[in-house]
Amino acid sequence: SLRQIAPAATLPVVQQPPKNASAVLPSPAGSPIAELHHCQHSMRASAAAMQVQPACRCAAVRGVAAVNSAKSPSCAMTRQRWQTRTHRPVQQHLPCLHGRQAPVHFTTVRLGAHRRSSSGSMRDKSCVSRAAPDNTEPTSQQSEEEGRVGSGPSSGAGSFELVGEDAANFQLSEQSGVSWGIFTVLLVGALGLLYAVWISPDGGYADEYVKAVRQWSDSNTELTVVAMLLIFAIFHSGLAFLRPFGEKIIGARAWRVLFAGVSLPLAVVPIVYFINHRYSGTPLWNIREVPYVHDGVWWASLVSFFFLYPSTFNLLEVAAVDEPKLHLWDTGVTRITRHPQAFGQLIWCIAHTAWIGNSFMVTTSVALMVHHAFGCWHGDYRLRREWGDDFEAVKSRTSIVPFQAIWEGRQKLPLDYWREWLRPSYIAIIAFSVGTYYAHPLMQRASYWLGW
């Protein structure tokens, strides 16, 4: 909020105020300092150069100027900015530009989460602030700080102002054992209910569902898997589209339960069917005996899981323990592609199509990618509907095609970009991927037992 200030040569020389005294520091009429907006709440000064107690003050350049509460108009918005764990939280006021909350400049590794209002938007149209004149030039000290602060958890040359959230950020200190306990109970209960009502051969409805789809496709395996994926896509994307309307009626948590209760059973069926019929199509090629092909497929599959959409990591929201939100991500994998799930699915399909090499696998891959291509458009539509101008800001520096925004110069990776990947979420991805690979025989036996 204080980035637009005059060169250091134009700032008045300020004497340190006497201890335990209030002072109004003079500033020339029309100077940039007089145009700066000031903090809303009274704060106790901790710096020796600004010991004004109690006083509402705003520093143009840290430690340079101060004003007392009598001369300080109120700013209608303050936010708490958390520094590193060894520092105390400090108050940072945020201006509103054109009727919306301005982007937050964070100076530490952890981004503070944006809070949406009850209407689901980050905008606060009641906030009005006075910014410094646009024609002023930043001082060398400010320019240096802008380069250091950057736009979020990573800093370096070419960083942008963040308007979204920090992707895949997991802070152990913020976790609640009670919440994760509830998550575990809900997960076990949901899986048990899914098996009893849907999967079980002794009364589950999935058998009848599979028979109906196979009857429609005349037992053609390729048509059957396409029909299963199409039904899943209609309900999955359709419920996602209806989300803001449904949440207004039954609430965010109840809608998430409905969404998962419909999507999960419809997703299990094509997965099991794929495992059972993956070699049923017309053979097209066979390179499984070629050296290093297996290793290449394995590594490609591992990499594909690194492109999961960051919201997948919010397990407490997935299970509706925390209130689900439609997040606008701005860091991590989003810098490479705005829709990482589609790119990850493409890598997985290429690897498995090369390995299996038949018409069934080609058909399945095409059906999956058509759904994900639609998901790219649909995802942008939903984010624009939810976030408006904030989404347009993220869109302007990201791309659907991986790395396109980077080679076009719209996205600049920070020097310490690797820190946005060195996080517990991706360590869990490695463990999950390795575990899934070694669980392939178990998954195959379970699928064969169901006989879909």
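These numbers were taken from a predicted model, which means no experiment stands behind them.
A salt bridge between Arg338 and Asp330 is absent, with no side-chain N of the basic residue lying under 4.0 Å from a carboxylate O of the acidic one. By the 4.0 Å N-to-carboxylate-O rule, Glu386 lies too far from Arg382 to be salt-bridged with it.
In this structure, Phe360 CZ and Thr353 OG1 are separated by 11.0 Å, a value rounded to the nearest 0.5 Å. We find the CZ-CG distance between Arg243 and Leu326 to be 5.5 Å, quoted to the nearest 0.5 Å. For the atom pair Arg278 CZ and Ser447 OG, the distance stands at 8.5 Å (nearest 0.5 Å). For the atom pair OG1 (Thr436) and CZ (Phe305), the distance works out to 6.0 Å, reported to the nearest 0.5 Å.
With hydrogens and angles disregarded, no donor-acceptor distance shorter than 3.5 Å links the side chain of Ser433 to the backbone of Ile430. Side chain of His277 to main chain of Trp452: a donor-acceptor pair is present (N/O by atom type, distance under 3.5 Å, no hydrogens or angles). The backbone N or O of Asn220 lies less than 3.5 Å from no partner atom in the side chain of Asp218, so there is not a single donor-acceptor pair. In this structure a side-chain-to-backbone donor-acceptor pair under 3.5 Å is present from Arg423 to Ala167. Formation of a donor-acceptor pair under 3.5 Å by the Thr337 side chain with backbone atoms of Ile400 is found in this model. At distances below 3.5 Å, not a single donor-acceptor pair connects side-chain atoms of His236 with backbone N or O atoms of Phe232.
Sorted by first then second residue, the ring-ring contact (aromatic ring centres under 6.0 Å, His included) pairs that include residues 186-208, not counting sequence neighbours, are Trp198-Tyr209. Within the structure, side-chain hydrogen bond (donor to acceptor under 3.5 Å, both in side chains) pairs that include any residue of residues 307-317 comprise Ser311-Trp329, Asn314-His327, Glu317-His327 (at least two apart or interchain). For residues 281-306, the set of pairs meeting the side-chain hydrogen bond (donor to acceptor under 3.5 Å, both in side chains) definition, not counting sequence neighbours, comprises His294-Tyr437.
Inter-residue side-chain proximity for Phe306 and Val333 is flagged as unmet; no heavy-atom pair is nearer than 4.5 Å. Counting heavy atoms from C-beta outward, Met361 and Tyr279 have side chains that stay 4.5 Å or more apart. The side-chain heavy atoms of Arg335 and Arg397, taken from C-beta on, include no pair separated by under 4.5 Å. For the pair Trp348 and Val297, the minimum side-chain heavy-atom distance is 4.5 Å or more.
When ring centroids are compared, Phe343 and His339 stay outside the 6.0 Å threshold.
The cationic atom of Arg385 (NZ for Lys, CZ for Arg) lies less than 6.0 Å from the six-membered ring centre of Phe241 and within 45° of the ring axis.
Closest of all the heavy-atom pairs between Ala300 and Ile347 is O-CG2, 3.3 Å. What you find for Ala252 and Pro324 is that their closest heavy atoms are O-CG, 3.9 Å. Considering every non-hydrogen atom in both Ala196 and Ser200, the closest pair reads O-CB, 4.1 Å.
For the residue pair Thr398 / Thr334, no side-chain donor-acceptor distance below 3.5 Å is found, with atom types taken as modelled.
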